[in-house]
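One structure is given here, and the rest of the page talks about it.
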Amino acid sequence: MDFDLPESHRALQSSIRDFCERRVKPYAREWDKDETFPMEVVRELGQLGVMGMLVAEEFGGAAMDSLAVAVAVEEIARYDGSLALTVASHNGLGTSHLRVFGSDAQRQKYLPKLATGEYLGAWGLTEPGSGSDASSMKTTAMRKGDGWVLNGAKMFITQGTVGDVFVVLAVTSPQKRQKGITAFLLEKGLPGFSQRAIHGKLGMRSSDTAELVLENVEVPDSARVGELDHGFIDTMKILDRGRITIGALAVGLGRGALEESIGYSRERTAFGQPISEFQGLRWMMADMKTELDAARLLVHRAAKLADEGKPYSREASMGKLFASEAAMRACNKAVQIHGGYGYTREFPVERYLRDAKLCEIGEGTSEIQRTIIARETFKGA
């Protein structure tokens with residue numbers, strides 16, 4: 001078993017680290033405080049190829065793999081969880097749904113602009129009254145001539161107001177419940193399609209989040225993404241890969257908290273010595289390092305399985321579950337190590353803690369991950 005990253009992935013990691021030191025680290029706190037979406041920086045990441053890592057070269061993408069996305073998202077999250085979430089959701093949700101299940105015409109029209117970051121992609125599954133229980137979805141798509149009319153609302157949609165291309169799930173055959181859901185492609189500006197920004201979030205405050213409202217939105221059948229009534233099945237495949245990136249995001253936040261704690265503990269003195277010399281704090285950081293390394297291995301295992309075309313649903317859930325909870329423990333310890341300063345915005349660890357909480361909720365809660373892991377484990381027993 002090879003635990004070393006391929007040279008191409010190490011080069012990607014290094015370039016992103018250099019970029020984040022210059023363009024992210026000095027500004028992340030202000031972005032968070034003001035809830036500012038850093039569009040200029042996102043465009044620059046697009047120029048680096050980060051916004052099209054999974055897109056084929058024929059569409060202007062970098063044609064990399066899931067492991068590369070995990071490496072990139074972790075590296076960005078070490079500096080800013082919100083920006084990492086933007087990269088993760090753009091690559092793993094909206095763009096990937098089009099990349100994997102879109103028609104040739106849809107791919108040719110949208111993927112080149114999505115790959116460069118000229119367009120941002122968004123993905124609409126969650127609703128005001130339906131999250132983990134997709135069978136409770138209320139958004140509908142009704143036939144009208146050769147096209148469809150969509151009505152409903154989506155909630156907590158990443159890139160909701162800054163996105164240009166939206167893949168939205170809607171019920172097309174109510175009697176089939178989750179097996180009667182279809183995906184549709186919507187462009188911003190369609191009549192009846194509006195977005196409302198959501199402010200005041202606990203964390204990920206500079207990631208754009210919105211409610212989508214669909215009021216008699218008419219689209220042709222060519223806007224359908226994938227087969228009729230196949231949207232939920234396709235969604236599960238998209239979510240599996242998305243869980244890999246959220247796991248990587250969690251590792252990055254935890255790693256940032258650990259690295260900040262090491263630096264702070266070496267500078268802060270108490271009782272005549274750096275607090276890094278106190279065994280209690282050293283053990284806290286030893287636990288953080290051990291759990292985060294284990295989390296990274298679980299995430300990378302899932303990514304490798306996905307890239308090899310092997311089943312990875314359980315492994316993706318295991319990586320996401322363990323990484324998100326390990327990150328919460330690490331960030332909580334980091335605040336404790338920083339003491340009173342950790343409770344202020346002067347140091348980034350409080351932001352890491354707030355951001356990490358989303359990783360236990362987004363793309364399937366920890367409870368849903370345990371359900372998947374148990375189901376798959378019993379299936380193979």
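The structure presented is a predicted model; accordingly, all values stated were derived computationally and were not measured. For the numbers below, each heavy atom of this structure counts, side chains included, while hydrogens, waters and symmetry mates do not.
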Open item on the list: Please evaluate residues Thr182 and Thr172 with respect to the criterion side-chain hydrogen bond (donor to acceptor under 3.5 Å, both in side chains), reporting the C-alpha separation (whole Å), side-chain torsions for both, the decisive distance (0.1 Å), and the verdict.
Closed with: CA-CA 6 Å; Thr182 303; Thr172 44; 2.7 Å; yes
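For the 3.5 Å distance criterion, the side chains of Arg241 and Ser66 qualify, holding a donor opposite an acceptor. Inspection of the Asp221 and Trp148 side chains reveals an N or O donor paired with an N or O acceptor under 3.5 Å. Counting only N and O atoms by type, the side chains of Ser89 and Thr158 include no donor and acceptor under 3.5 Å apart. Side chains of Ser130 and Lys138: a donor-acceptor N/O pair is absent below 3.5 angstrom, by distance only.
In this structure, Glu367 does not pair ionically with Arg370, as no charged nitrogen and carboxylate oxygen lie closer than 4.0 Å. Taking 4.0 Å as the cut-off between side-chain N and carboxylate O, Glu260 and Arg78 count as a salt-bridged pair. Remark: Asp164 does not engage Lys113 in a salt bridge, criterion side-chain N to carboxylate O under 4.0 Å. Salt bridge absent: Glu363 and Lys320 never bring a charged side-chain N and a carboxylate O closer than 4.0 Å. Contact check on Lys237 versus Asp240 returns no salt bridge, with no Lys/Arg side-chain nitrogen under 4.0 Å from an Asp/Glu carboxylate oxygen.
Grouping Ile, Leu, Val, Met, Phe, Trp and Tyr by side-chain contacts under 4.5 Å, direct or through others, puts Phe59 with Val55, Leu93, Leu98, Val100, Phe101, Tyr110, Leu111, Leu114, Tyr119, Trp123, Leu125, Met137, Val165, Val167, Leu169, Val171, Ile181, Leu185, Val225, Phe232, Met236, Ile238, Leu239. In this structure, Met318 shares a hydrophobic cluster with Leu321, Ile373, the cluster being traced through Ile, Leu, Val, Met, Phe, Trp and Tyr side chains under 4.5 angstrom apart.
For Ser14, the side chain to side chain contact (heavy atoms under 4.5 Å, CB included) partners two or more places apart in sequence, or in a different chain, are Asp18. With sequence neighbours excluded, no residue forms a side-chain hydrogen bond (donor to acceptor under 3.5 Å, both in side chains) with Ser265. When the side chain to side chain contact (heavy atoms under 4.5 Å, CB included) test is applied to Lys33, the partners found at least two apart in sequence or on another chain are Glu30, Arg345. Scanning for side chain to side chain contact (heavy atoms under 4.5 Å, CB included) contacts around Thr126 gives Phe156, with sequence neighbours left out. Taking the side chain to side chain contact (heavy atoms under 4.5 Å, CB included) definition, one finds that Leu297 meets it with Phe3, sequence neighbours left out. In terms of the side-chain hydrogen bond (donor to acceptor under 3.5 Å, both in side chains) criterion, residue partners of Lys154 (sequence neighbours excluded) are, by chain and number, Glu127.
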What side-chain donor-acceptor pairs closer than 3.5 Å can you find for residues 336-343, not counting sequence neighbours?
residue	atom	partner	partner atom	Å
His338	ND1	Ala334	O	2.9

Give every donor-acceptor pair under 3.5 Å between a side-chain atom in residues 188-196 and any protein atom, sequence neighbours left out.
residue	atom	partner	partner atom	Å
Lys188	NZ	Thr161	O	2.2
Arg196	NE	Glu211	OE1	3.1
Arg196	NH2	Glu211	OE1	2.9

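Among pairs with a residue in residues 173-187, those fulfilling salt bridge (charged side-chain N to carboxylate O under 4.0 Å, His left out) read Lys109-Glu187, Lys176-Asp229, at least two apart in sequence or across chains. Here side chain to side chain donor-acceptor pair (under 3.5 Å) pairs that include residues 276-292, with residues two or more places apart or in two chains, are Lys289-Asp293, Glu291-Arg329.
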